[in-house]
Structures are given as structure tokens and as C-alpha cells.
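Report on the following structure.
The basis for the numbers below is simple: all heavy atoms, side chains too, and nothing from hydrogens, waters or symmetry mates. Residues take their numbers from the sequence shown, with the count starting at 1.
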Amino acid sequence: PPADDEVRRLVVSLNRMLDRVAEGARRQRAFVGDASHELRSPIAALRAQLEVGLAHPEEADWPRRARDATEEVIRMQRLVEDLLRMARLDEPDVSGDSSPRPVSDVDLDDVVRSEAAALGKAKVALLGVSPVRVRGVEPDLRRVVRNLLENAERYGKGRVQVSLTQRGDEAHLDIEDDGPGIPPEQRERVFARFTRLDWSRNRASGGAGIGLSLARGLVQEHGGDIWIEEGRMGGARLVVVLPVDPERAPSSRSGLRRLDAEPPGEAPPSGTPR
């Protein structure tokens with residue numbers, strides 16, 4: 001309405017709400033479509049292996065086919081787990097989780113060292129990993145470090161360097177490689193879901209394109225941030241900043257709770273001091 005009154009303000013508010021609903025529906029459709037596309041390839045590969053083996057059972061190398069099938073199943077399992085975690089990040093209030101994810105003190109330096117060792121690559125060099133403790137969900141922080149290490153290992157030519165320091169009330173984690181790097185205009189785009197740069201389209205080497213997106217979502221859920229810079233070795237350097245101050249750590253964010261907090265729905269009796 002042309003008049004600047006309550007009706008106009010109501011209409012403007014309703015239009016903004018409908019815009020948000022429409023955007024949410026669009027993102028949901030895109031997410032379902034992209035997820036289906038990513039799952040279609042490993043399922044098709046697994047089916048083809050089994051059908052060829054069944055068509056020529058006397059010629060099939062069944063131990064090898066079993067190993068190949070297991071690799072595809074593991075790939076699908078990891079992809080499904082990442083998709084579910086991303087969906088929970090999008091809709092923390094309706095994710096179906098019956099209890100919030102527990103928050104506790106996490107020795108981030110121990111997480112970095114163990115994940116680097118689990119990668120099993122001698123080319124990962126730990127440079128100046130200082131003791132740093134943060135508040136957060138340890139499995140999620142492990143997922144962040146693992147995704148970034150795997151990304152650097154995948155695109156690096158032979159070296160990956162990791163450093164962890166505390167600067168004031170923030171933890172700074174740097175992971176860089178000696179790969180081709182990421183152009184400045186693409187550094188924000190690679191955090192979008194299912195995004196792979198043109199030179200990394202090969203699924204065997206480029207992944208599904210959700211590792212960095214999931215890492216950013218988990219870091220932001222912990223009150224931090226993540227971005228990409230040009231590394232000293234010519235490749236990409238991924239920088240993660242997390243709050244060390246407990247007051248800035250996630251304590252009341254949706255879907256997260258402290259381990260020492262009262263369970264949801266269990267309020268103390270009236271008159272009982274907390």
C-alpha cells in the first residue's frame with residue numbers, strides 16, 4: 001500500500017518472511033539435487049562392478065572386486081555422514097537430534113598432532129604446534145583439522161606444513177601446501193557446497209567438493225572463522241581462527257551444550273540454588 005501505516009509495515013514484514021521461506025526452499029532443493037548427484041556416481045560404480053562379476057563369475061577376481069566395492073561403500077559412508085552434518089548445521093533446531101552436542105575443553109594441539117599422524121603421510125611437517133586449549137565439540141574440531149589436512153595433501157605436490165599458535169584470546173591454525181594454489185577470486189567460492197575448481201574436477205583426486213564447506217560451517221558454529229591466503233610455498237594456506245576465551249566459546253548456541261551444563265528439561269526444584 002502507498003500509505004506509510006501499520007498495514008504497509010505488515011505487508012513489508014510478510015514479504016521479507018516469504019522471501020526467506022522461498023530462499024530456504026531453493027537451498028533445500030539445491031542441496032537434495034547436489035547430494036543425489038554426488039551419491040549417484042559411487043552407487044553406479046558399485047552396481048557396475050557387481051553386475052559384471054555376476055555376468056562372468058568364472059572370470060571375476062572376487063577378492064579384488066570385494067576390495068573395490070568396500071572402497072566405494074566407505075566413500076559413500078563418509079559422504080552421507082558429511083551431508084547429514086551439513087544438514088544439521090543448516091537446521092539446528094529441527095535436525096532431529098534429541099540432545100545438544102556436548103562442549104568441553106579440547107587440547108587443539110593434541111587434535112592436530114593425532115590427525116596429522118593418522119594421515120600417514122611423511123610430508124606433513126608440524127611447525128611450531130604450541131599447546132592451545134579451546135572450548136568446543138572435539139569430534140567436530142577433529143573433522144575440521146582432518147578435512148583441511150586431506151585437502152592440503154590432495155592438492156599439494158609433496159609438502160604440507162602445519163602450525164598452531166595462540167595470539168591473545170584466539171587460536172590460529174595454519175595449514176598450507178606447495179600445490180597450485182587458489183586464485184584470489186576463487187578463494188571464497190571454494191567454500192560453497194559441491195564446488196570444485198576446473199582443474200580439480202576429477203572425483204578420484206578432487207573429492208565431492210564439500211570438505212571446505214563443512215569445515216567452515218563447523219568453525220563458525222564454534223564462534224571462529226576460516227579463510228584462504230597465499231602460502232609461502234606457493235600453494236594455498238588455510239587459516240582457522242577459534243576463540244580461546246571461554247566467554248566467546250559456544251555455550252548456548254543451538255545444538256551445542258557444555259558437558260557440565262544441566263541436561264535439557266531437568267530444572268532444579270524450586271528454591272534450590274543452582
Side-chain angles (χ1 to χ4, degrees), residues 27 30-42 45 71-90 101 108 111-112 114-121 123-124 136-157 159-162 164 173-183 186-222 224-231 235-242:
R27 293 183 61 184
F31 182 83
V32 172
D34 290 336
S36 301
H37 178 73
E38 293 298 330
L39 287 170
R40 185 181 297 120
S41 294
E71 292 179 0
E72 293 295 340
V73 171
I74 293 175
R75 175 183 167 189
M76 284 190 290
Q77 181 182 14
R78 294 189 59 183
L79 179 57
V80 169
E81 290 174 352
D82 287 347
L83 292 174
L84 289 174
R85 192 68 187 95
M86 290 172 63
R88 294 188 183 104
L89 289 175
D90 278 347
R101 297 177 66 77
L108 193 57
V111 172
V112 171
S114 62
E115 290 300 322
L119 194 61
K121 300 293 183 179
K123 62 183 178 182
V124 178
V137 181
E138 183 173 348
D140 288 349
L141 293 176
R142 285 188 176 276
R143 177 67 64 84
V144 170
V145 176
R146 185 184 311 129
N147 283 5
L148 299 185
L149 285 175
E150 289 178 349
N151 182 83
E153 186 271 334
R154 181 180 297 120
Y155 298 116
K157 296 178 181 178
R159 290 188 299 165
V160 176
Q161 294 183 350
V162 182
L164 174 65
L173 172 65
D174 293 354
I175 299 178
E176 66 174 286
D177 59 69
D178 59 348
I182 301 177
Q186 301 284 355
R187 290 174 185 172
E188 186 65 23
R189 176 171 171 260
V190 296
F191 287 105
R193 296 174 179 179
F194 305 103
T195 297
R196 289 185 294 270
L197 299 180
D198 292 338
W199 46 264
S200 65
R201 290 288 178 179
N202 186 290
R203 292 181 183 273
S205 61
I210 61 177
L212 292 182
S213 177
L214 178 59
R216 167 170 278 188
L218 294 175
V219 168
Q220 291 178 343
E221 191 179 46
H222 283 74
D225 199 4
I226 179 174
W227 63 86
I228 298 175
E229 300 176 351
E230 183 176 355
R237 178 168 66 224
L238 288 96
V239 181
V240 177
V241 177
L242 291 168

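- Glu150 meets the salt bridge (Lys or Arg N to Asp or Glu O under 4.0 Å) test with Arg78; sequence neighbours excluded.
- At distances below 3.5 Å, not a single donor-acceptor pair connects side-chain atoms of Arg187 with backbone N or O atoms of Glu229.
- At least one side-chain heavy atom of His222 sits less than 4.5 Å from a side-chain heavy atom of Val137.
- When side chains are defined from C-beta on, Leu212 counts as touching Leu238, because their heavy atoms get closer than 4.5 Å.
- Residues meeting the side-chain hydrogen bond (donor to acceptor under 3.5 Å, both in side chains) test with Arg142, sequence neighbours left out: Ser114, Glu115, Glu138.
- Note that CG of Leu148 is 9.0 Å distant from CD1 of Ile228, once rounded to the nearest 0.5 Å.
- With hydrogens and angles ignored, the 3.5 Å screen pairs a side-chain donor or acceptor of Asp178 with a backbone N or O of Arg159.
- Checked options Leu164, Val240, Val160; the residue passing with Ile175 is Val160 (criterion: side chain to side chain contact (heavy atoms under 4.5 Å, CB included)).
- From Trp227, atom CH2 reaches atom CZ of Arg216 across 10.0 Å, with rounding to the nearest 0.5 Å.
- Shown here for Leu218 and Val144, the closest heavy-atom pair between the two residues is CB-CG2, 3.6 Å.
- Here the straight-line distance linking atom CD of Glu221 with atom CG of Leu141 works out to 10.0 Å at 0.5 Å rounding.
- Residues Val162 and Leu149 form a side-chain contact, since some pair of their non-hydrogen atoms from C-beta on lies under 4.5 Å apart.
- Looking at residues two or more places apart in sequence or on another chain, you find no salt bridge (Lys or Arg N to Asp or Glu O under 4.0 Å) involving Glu71.
- Leu173 contributes atom CG, which lies 8.5 Å from atom CD1 of Ile226 (distance to the nearest 0.5 angstrom).
- Side chain of Asn147 to main chain of Gly211: a donor-acceptor pair is present (N/O by atom type, distance under 3.5 Å, no hydrogens or angles).
- Between the side chain of Asp225 and the backbone N or O of Val241 there is no donor-acceptor pair closer than 3.5 Å.
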